[in-house]
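All remarks here apply to the structure that follows.
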Amino acid sequence: MEISSARAPAGSRLLATPLGAHAACRRSGQLLRPRRHTVRCSVDATRQAQGIPSAVAAEAEAAEARKRAFGVFCTTYDLKADEKTKSWKKMVNIAVSGAAGMISNHLLFQIAAGEVFGLDQPIALRLLGSERSFQALEGVAMELEDSLYPLLREVSIGIDPYEVFEDADWALLIGAKPRGPGMERAALLDINGQIFAEQGKALNAVASKNVKVIVVGNPCNTKYGYFLVYQVCPASACSALICIKNAPNIPAKNFHALTRLDENRAKCQLALKAGVFYDRVSNMTIWGNHSTTQVPDFLNAKIDGRPVKEVIKDTKWLEEEFTLTVQKRGGVLIEKWGRSSAASTAVSIVDAMKSLVTPTPEGDWFSSGVYTTGNPYGIAEDIVFSMPCRSKGDGDYELATDVEIDDFLWERIKKTEAELLAEKKCVAHLTGDGIAFCDLVNEDTMLPGEM
Ligand SMILES: NC(=O)C1=CN([C@@H]2O[C@H](COP(=O)(O)OP(=O)(O)OC[C@H]3O[C@@H](n4cnc5c(N)ncnc54)[C@H](OP(=O)(O)O)[C@@H]3O)[C@@H](O)[C@H]2O)C=CC1
Ligand SMILES: O=C([O-])CC(=O)C(=O)O
């Protein structure tokens, strides 16, 4: 294996039995100081080691695809030659930022196992880290190697989003810098905001033009933030808006801010109260921000196909305890765990992706933070706001129109909308909207992880 900043020459190719090529990669032993820290096989070394002539241009395409592969994944294989893989679909490229973090440590293994796309979908994982996390990222890639997932055909790691996002069909933006001791939140917001702006630009430049993007990272990480009650911090909807504005060639509709964890938490609480298993709860909308102003909608949600209010007649509980429990679930979890939800967040990312690649069950919907322009509810345009969505399973979605909004719900929606509009002003310098001005109301802008 070689670490190199140079691209594999066009027309180069790895031809080998799996272990042979791997050994050749490792034998090359040319550890060049990486400019971009992309780990890849040494194509030339492999070729030399195996006496393969340079004129193997026929396989250039395959070599191009494998040029950044890590470890065992730099071996060449022929999907079609393998009986088992003949019915497999075309490879899907999934880029993941924050790949050395806690959430990714759960998520990558679920994706590699086929839990999102099914057992006939080969997968390439492109993992984005940083100088700081690079060694950890190698550790993640090694664990993926050792897991021997049949569907996982490629893994590559790097720290340059322009390399890692190349041809990405999906981009899962999980990484966000945690705040260090003594660091001002505004400074961190700027640093993380810049990262989401850069990643938006990189996606715009090199990803598939129809890439689907799920933004998970909060631009102001709250891992340590729950100690600091008086400070404020925009959430992942804001990161998604920054990405959208920096990726003008990608349809804004393709960007999602994760609120599926909030939806799952709300379903669980309703099931608990009604004394039913959580698969009986449907039509659960989270409106608005992934913050403590989010609105878990008990007006439209159903239990066993009946309106929640017919099953749970305790309106006070629904309006107060249920709502607060969902809004603050992340914080309670941090108190117990000493860190923010990672496993359940990973599961909810799998759920969010599955909701886009499988048809939504008849009559049901799912929540996602999506771009509001053209929304039928009267929510402010040009923000990212969680709303009820339906998909035909083609990666796209439509907003559900068969929803009821009463005065109570509308009042809550306006509150979370006001927060998102205020957050938008805080990142104006990153969205092309002029000079940033931050006047967030502390009490209303905390993430679920902040108490
Ligand atoms: N929308 C939602 O529902 C939720 C969102 N979140 C948010 O998701 C984001 C990621 O959360 P999570 O994965 O728990 O965060 P982690 O703190 O585990 O990871 C965050 C970043 O820290 C760096 N890092 C992590 N582990 C290591 C390591 N061992 N060595 C070196 N660097 C490391 C990585 O950054 P890098 O590679 O860039 O150096 C990574 O992206 C956060 O912003 C969090 O607030 C969390 C829960 C729910
Ligand atoms: O603030 C965090 O990092 C945790 C978070 O978003 C949540 O649990 O919903």
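Just follow the structure's listing: the first ligand is 1, and inside any ligand the first atom is 1. In this text the structure is predicted, and so the values were computed from the model without any measurement.
- Residue-to-ligand polar distances place Arg132 within reach of ligand 1: an N/O pair is separated by less than 3.5 Å.
- For ligand 1, the polar-atom distance check finds no N/O of Ser341 at less than 3.5 Å from any of the ligand's N/O atoms.
- Heavy atoms of His290 found under 4.0 angstrom from ligand 1 belong exclusively to the side chain.
- Polar contact check, Ser133 against ligand 1: a nitrogen or oxygen pair lies under 3.5 Å apart.
- Among the atoms of Arg265, some N or O lies under 3.5 angstrom from an N or O of ligand 2.
- Note: no N/O pair closer than 3.5 Å links Leu261 and ligand 1 by distance alone.
- Taking only nitrogen or oxygen atoms, main chain and side chain alike, Asn218 reaches within less than 3.5 Å of ligand 1.
- Close N/O approach between Ile103 and ligand 1 is found [any backbone or side-chain N/O within under 3.5 Å].
- Within the cation-pi definition used here (under 6.0 Å to the ring centroid, within 45° of the axis), Lys253 qualifies as a partner of Tyr397.
- Judged by the shortest distance from any of its heavy atoms, His290 lies inside the 4.0 Å radius around the atoms of ligand 2.
- The atoms of ligand 2 that sit less than 4.0 Å from any heavy atom of Gly330 are 8 (O).
- Less than 4.0 angstrom separates some heavy atom of Asn218 from each of these atoms of ligand 2: 1 (O), 2 (C), 3 (O), 6 (O).
- Within ligand 2, counting atoms from 1 as listed, the ones closer than 4.0 Å to a heavy atom of Ser341 are 8 (O).
- Taking every heavy atom of Ser340 and a limit of under 4.0 angstrom, the matching atoms of ligand 2 come to 2 (C), 3 (O), 4 (C).
- Ligand 1 has no N or O atom lying under 3.5 Å from any N or O atom of Ala342, backbone or side chain.
- With distances taken over non-hydrogen atoms, the option nearest atom 40 (C) of ligand 1 out of Ser97, Ser344, Gly98, Ala99 is Gly98.
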